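The structure under discussion appears below in the form of structure tokens.
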2 protein chains.
Amino acid sequence: MSPVSLHDPSHRETLWELEAAFDRGDMVTVFGACTVEYDGRAASSLGEGARLLVLKPDGSALVHTDEGRTPVNWQPPGSEHRAAVRDGRLRVRSSRTSPDETLDVRFTSVSHLASYPVTGGRGVDVVGSEADLKQRVVEEPSLVEDGFEPAATERETAAGPVDVFGTDADGNPLVVELKRRRVGPDAVGQLARYVGAVEREEPDGVAVRGVLVAPSITDRARDLLAEEGLGHVAVDPPDDAAGAADAPDAAESDGSGAAGASEGVGRGDGDAAATDGSGADERT
Amino acid sequence: MSPVSLHDPSHRETLWELEAAFDRGDMVTVFGACTVEYDGRAASSLGEGARLLVLKPDGSALVHTDEGRTPVNWQPPGSEHRAAVRDGRLRVRSSRTSPDETLDVRFTSVSHLASYPVTGGRGVDVVGSEADLKQRVVEEPSLVEDGFEPAATERETAAGPVDVFGTDADGNPLVVELKRRRVGPDAVGQLARYVGAVEREEPDGVAVRGVLVAPSITDRARDLLAEEGLGHVAVDPPDDAAGAADAPDAAESDGSGAAGASEGVGRGDGDAAATDGSGADERT
DNA sequence: TACTCAATTTCGCTC
DNA sequence: GAGCGAAGTTGAGTA
């Protein structure tokens, strides 16, 4: 009798059932009126109110109100759930170490509790991620610009890994930063950071160009890009992946495109351009 | 009879209760075996498995497996929930526009359904945020460095808003970026971006310094900081806010501290330094 | 509505 | 475990 549900249980009954569910490794939901206290990476407190508490066997705890996708309070996986009755209230405490943090949920009344064995079925397949965009660019480098030849993906620099690194039509280094959605100033900063790092790593005098590949870009980001001498190439998401076009910024391309003679000199450093397995494998 | 719970209901019963709950504005939890399809900003599909579905009256939908704090699939607030029986399965569809996206949850069997009126009690008070750190710095500018005089918070620049802007002991502009936790290269990029923007806005020739205020910093970030001629000041979180000290990087300070004569020249642009109300007010 | 950034971000990956 | 960046990020605040 694993799926269990209690109506208006006493705290004592709730306590029993919670501990039994923890032992079984069941997932538990509790509807009721409670207060919530959190202390750890920050600290928070939440006054009395009607809420949903979800307890997972992996140690996760979620406190949800009637609004928002994000829980109003929570505890990450790896925590340990305990329950007790104190001062006439049912206390559910979830805590973990490194970092040390504790979530306390105190119910004044429990309206409903349910427990259920939920196992497996976690492997979700997502299409339309940045990894997919990277694969597209590697397979079709002209999406970035004519003459672009990818040499490596995730190439390490002193400033972090570059999405796609290669050479332009003139054989000069080109840094490509990919974003699956509209970008702001932060993405420009990221690209500028990588370009600067590659510049310092190059034998001096070599100009390093940088291009931001994204569906669209904010005005401020565009100004910053120009300020830094960097470029932007608009790439629309494929129709089959994302149903809704984000912004019709179509086929624009202000990457300071070097005119194209001199077929790629092919400075063959870094590892070969290859898609680094973005195939999400089902793990049941 | 608002709190409702069904055991091993037929799809027909589930359908009825779901629609009633939507009408009442109740929050609903459903345990059962289902598949999940999402299409919108990206696309995803999830094979059959035991899961928890949470439906909120504000349009949020969450699909949870037994692991992880994050739902395996979801729909943001503002969506509309509908339910139907199709091909012998119970389908719960949640969709919204702008962006256009739809979540389809198809149950082959429902083990349990509960609905409950969850209203209000959403106002959580959080202590230890970046806003709190900002307040500390504004009230005690010497935390950044001796002679620092804040002139404005959230001062707008072409690169975005600067956390704290002011003048150093020499009266030269100082840009301060605050982080409540250990920082990496991205924070350095952010600070560099702001410093560059302020430099361009200053009458030429004026040196603009930048300091990253954070509990600690990674090696790579430190190198980048040095490369950019920027500084770091370690500030530990107050004991009462965060219980666990993140890293004992104590009282270090490699902000390229200018020696201190010349009491702050006070270039009085921007608005006055003032804490911008970080007091979270309860909204019930 | 769009922009900008924080978040108890979480999560996955690599070293 | 730390570091690094993506995310269907979400959410808050402001113009």
Side-chain angles (χ1 to χ4, degrees), chain A residues 38-44 60 67-77 96 98-103 124 126-131 133-134 154 156 159-163 177-187 190 194 216-221 237 241-244 246-247 276-278 280, chain B residues 38-44 60 67-77 98-99 101-103 124 126-131 133-134 154 156-157 159-163 177-187 190 216-221 241-244 247 276-278 280:
Chain A
Y38 162 78
D39 191 57
R41 289 167 291 173
S44 80
S60 311
E67 287 188 353
R69 206 219 61 147
T70 305
V72 67
N73 270 127
W74 70 91
Q75 191 71 317
R96 68 166 184 170
S98 66
D100 246 301
E101 49 185 354
T102 299
L103 181 76
V124 63
V126 180
V127 174
S129 62
E130 184 182 298
L133 177 56
K134 181 163 61 185
E154 304 303 328
E156 272 300 333
V162 169
D163 280 343
E177 174 62 27
L178 305 171
K179 293 295 173 192
R180 65 175 302 279
R181 54 180 223 173
R182 186 172 175 85
V183 293
D186 54 340
Q190 198 179 347
Y194 297 151
S216 61
I217 181 173
T218 66
D219 288 347
R220 195 178 258 175
D246 169 89
D276 45 0
S278 65
Chain B
Y38 162 77
D39 191 57
R41 287 168 292 174
S44 80
S60 311
E67 287 188 351
R69 205 220 59 149
T70 305
V72 67
N73 269 127
W74 69 91
Q75 193 68 284
S98 67
E101 50 185 354
T102 299
L103 181 76
V124 62
V126 181
V127 175
S129 62
E130 184 182 297
L133 177 56
K134 181 163 62 183
E154 305 303 326
E156 273 300 332
T157 74
V162 169
D163 280 344
E177 174 62 28
L178 305 171
K179 292 296 172 192
R180 65 177 302 279
R181 53 180 221 172
R182 185 171 176 84
V183 293
D186 55 337
Q190 197 178 349
S216 60
I217 182 173
T218 67
D219 288 346
R220 196 177 258 175
D276 44 1
S278 64

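Predicted, not measured: the structure shown is a model, and the values here were computed from it. So you know, we letter chains A, B, ... as the sequences are listed, proteins then strands, and number each from 1.
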[N] phosphate, OP1 or OP2, under 4.0 Å from [X] side-chain N/O:
X        : N      : result
B:Arg180 : C:dA6  : no
B:Arg181 : C:dT9  : yes
A:Tyr194 : D:dG5  : yes
B:Trp74  : D:dT9  : no
B:Thr70  : C:dC11 : yes
A:Gln190 : D:dC4  : no
A:Arg41  : C:dA6  : no

Atom [atom1] in [X], atom [atom2] in [Y]: separation rounded to 0.5 Å?
X        : Y        : atom1 : atom2 : result
B:Glu154 : B:Lys134 : CD    : NZ    : 3.5 Å
A:Ser44  : A:Leu103 : OG    : CG    : 7.5 Å
B:Asp186 : A:Gln190 : CG    : CD    : 8.0 Å
A:Arg96  : A:Glu101 : CZ    : CD    : 4.0 Å

Take atom [atom1] of [X] and atom [atom2] of [N], then tell me their distance rounded to the nearest Å.
X        : N      : atom1 : atom2 : answer
B:Glu156 : C:dC5  : CD    : C1'   : 11 Å
B:Arg69  : C:dT9  : CZ    : C1'   : 7 Å
B:Lys134 : C:dA6  : NZ    : P     : 10 Å
A:Glu154 : C:dG12 : CD    : P     : 17 Å
B:Lys179 : C:dT8  : NZ    : P     : 13 Å
A:Arg182 : D:dT9  : CZ    : P     : 14 Å
A:Gln75  : C:dT9  : CD    : P     : 12 Å
A:Arg96  : C:dT8  : CZ    : C1'   : 9 Å

*Given that B:Tyr38 and A:Ala159 both sit by DNA chain D, which one's nearest nucleotide is further toward the 5' end?*
A:Ala159
*Which residue lies toward the 5' end of DNA chain D, A:Pro161 or B:Leu103, if each is placed at its nearest nucleotide?*
A:Pro161
Among the nucleotides [options], which one has an atom lying closest to any side-chain atom of [X]?
X        : options               : result
B:Asn73  : D:dG8, D:dA6, C:dA6   : D:dG8
A:Pro76  : C:dT10, D:dA7, D:dG11 : C:dT10
A:Thr218 : C:dT4, C:dT8, D:dA7   : C:dT4

*Using a heavy-atom cut-off of under 4.0 Å over every strand shown, decide if A:Glu177 touches base, sugar-phosphate, or nothing.*
sugar-phosphate
*asked:* So A:Glu101, base contact, sugar-phosphate only, or nothing? Heavy-atom distance under 4.0 Å.
replied: base
Sticking with atom [atom1], work out how far [N] lies from [M], rounded to a whole angstrom.
N      : M      : atom1 : result
C:dC11 : D:dG11 : P     : 15 Å
C:dC5  : C:dT9  : C1'   : 13 Å
D:dC4  : D:dG8  : P     : 23 Å

_By side chain to side chain donor-acceptor pair (under 3.5 Å) - contacts of B:Asp163 (at least two apart)_ = none
_Applying side chain to side chain donor-acceptor pair (under 3.5 Å), can you list everything that pairs with B:Thr157, at least two apart in sequence or on another chain?_
none
_On DNA chain C, compare the nucleotides closest to A:Pro77 and A:Pro185; which residue's is nearer the 5' end?_
A:Pro185
